[in-house]
Amino acid sequence: MKRLFTTAIYILCVILTTSGNTNEKTLTMMFKQLSISEGLSNNSVRSIFRDSRGFLWIGTESGLNKYDGYSFHQYYQSNSGLSDDAIFEVFEGPQGNIWIKTANEYSIYDYKTGKISNDYKSVLEKKHIPSKNIQRIGMTPRNEFWAYNRSKLYLQNEDKNPIKVFPLQTEKISNISIAVQSIYIMYSDGALYSIDKQTSETKEIAIPTTFIPLLYLQPIITQYFIDNKSEIWLLFLIAHSKR
């Protein structure tokens, strides 16, 4: 089942103001709604990302949008060479370029040229990452570029050239999170594993017995989140049919 973030975007601006007493500060919040009326390509938003240059990238069901705080620049397959108009994920990759996951494959927006290329496989090959059967690609806040196929996860710190390779289970990956010391992977069968980034040791994380029955309810979407204390939060989304 396809789930979309929202039908409109709200930009939250927080302004710190000081009253007559210098020790008293008040937070003033302003909301600005962005939709097709303001130039957004489509109201079905799937991804929102703010890059290091301050631009807001918004991926929708039909088109990619670059917002500078005043207006939108829209990118489509027809006017930019995107591999598809349906955008699922946007992130900032190596050299500060913008990577876009579409319904077909990945596209890359090059800031130097201002153009979009679909030749992401050559970038992977230059990093000694096999480009065949790549399932997903990403970048961590610690400047670690990663990609995985059906059997291995490849991780490279952009500040250090050597690439690390970690074996994966045969089950399909449903969620992945790369923390400071460990890699957390949840598979489609609900099994959750951690991989030590230094030793490559893999351990299964036991899910409390109270929640195990939820894994066998159909249809179900199981996700997890890692907070800033490295604690794991599990989310079970169960679809109930109407009668």
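When each of Ile58, Leu56, Ile36 is tested with Phe72 by the rule side-chain contact (heavy atoms from CB on, under 4.5 Å), just one qualifies, namely Ile58.
When all heavy atoms are compared, the tightest approach of Ala147 to Ile137 is CB-CG1, 4.0 Å. When all heavy atoms are compared, the tightest approach of Met139 to Trp146 is N-NE1, 3.4 Å. Closest approach of Asp84 and Ile87 over heavy atoms only: O-CD1, 3.8 Å.
In this structure Ser80 satisfies the side chain to side chain contact (heavy atoms under 4.5 Å, CB included) test together with Tyr75, Leu82, Ile116, sequence neighbours excluded. Taking Tyr187 as the reference, Tyr193 meet the ring pair (Phe, Tyr, Trp, His ring centres under 6.0 Å) condition, with sequence neighbours excluded. Residues satisfying the side chain to side chain contact (heavy atoms under 4.5 Å, CB included) test with Lys203, not counting sequence neighbours, are Ser194, Glu201.
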Less than 3.5 Å apart, which donor and acceptor atoms pair up between the side chains of residues 88-101 and the rest of the protein, not counting sequence neighbours?
residue: Glu89; atom: OE2; partner: Arg136; partner atom: NH2; Å: 3.3
residue: Glu92; atom: OE1; partner: Ser52; partner atom: N; Å: 2.8
residue: Glu92; atom: OE1; partner: Ser52; partner atom: OG; Å: 3.3
residue: Glu92; atom: OE2; partner: Ser52; partner atom: OG; Å: 2.7
residue: Asn97; atom: OD1; partner: Tyr111; partner atom: N; Å: 3.1

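Inspection of the Ser35 and Glu38 side chains reveals an N or O donor paired with an N or O acceptor under 3.5 Å. Of the N and O atoms on the side chains of Ser83 and Ser107, at least one donor lies less than 3.5 Å from an acceptor on the other residue.
Within 6.0 Å of atom CZ in Arg142, more than 12 heavy atoms from other residues, nucleotides or ligands are found, so the atom counts as buried in its surroundings. No more than 12 heavy atoms of other residues, nucleotides or ligands sit less than 6.0 Å from atom CD of Gln181.
The ring pair (Phe, Tyr, Trp, His ring centres under 6.0 Å) pairs that include a residue from residues 149-174 number zero, where partners must be two or more places apart or lie in different chains. Sorted by first then second residue, the salt bridge (Lys or Arg N to Asp or Glu O under 4.0 Å) pairs that include residues 108-120, not counting sequence neighbours, number zero.
Rounded to the nearest 0.5 angstrom, Arg46 CZ and Ile48 CD1 are separated by 13.5 Å. Here the straight-line distance linking atom OH of Tyr76 with atom CG of Asn42 works out to 7.5 Å at 0.5 Å rounding.
Between the side chain of Ser174 and the backbone N or O of Met186 there is at least one donor-acceptor pair closer than 3.5 Å.
Both Ile176 and Leu168 sit in one connected hydrophobic cluster of ILVMFWY residues. Membership requires side-chain heavy atoms under 4.5 Å apart, directly or through other members.
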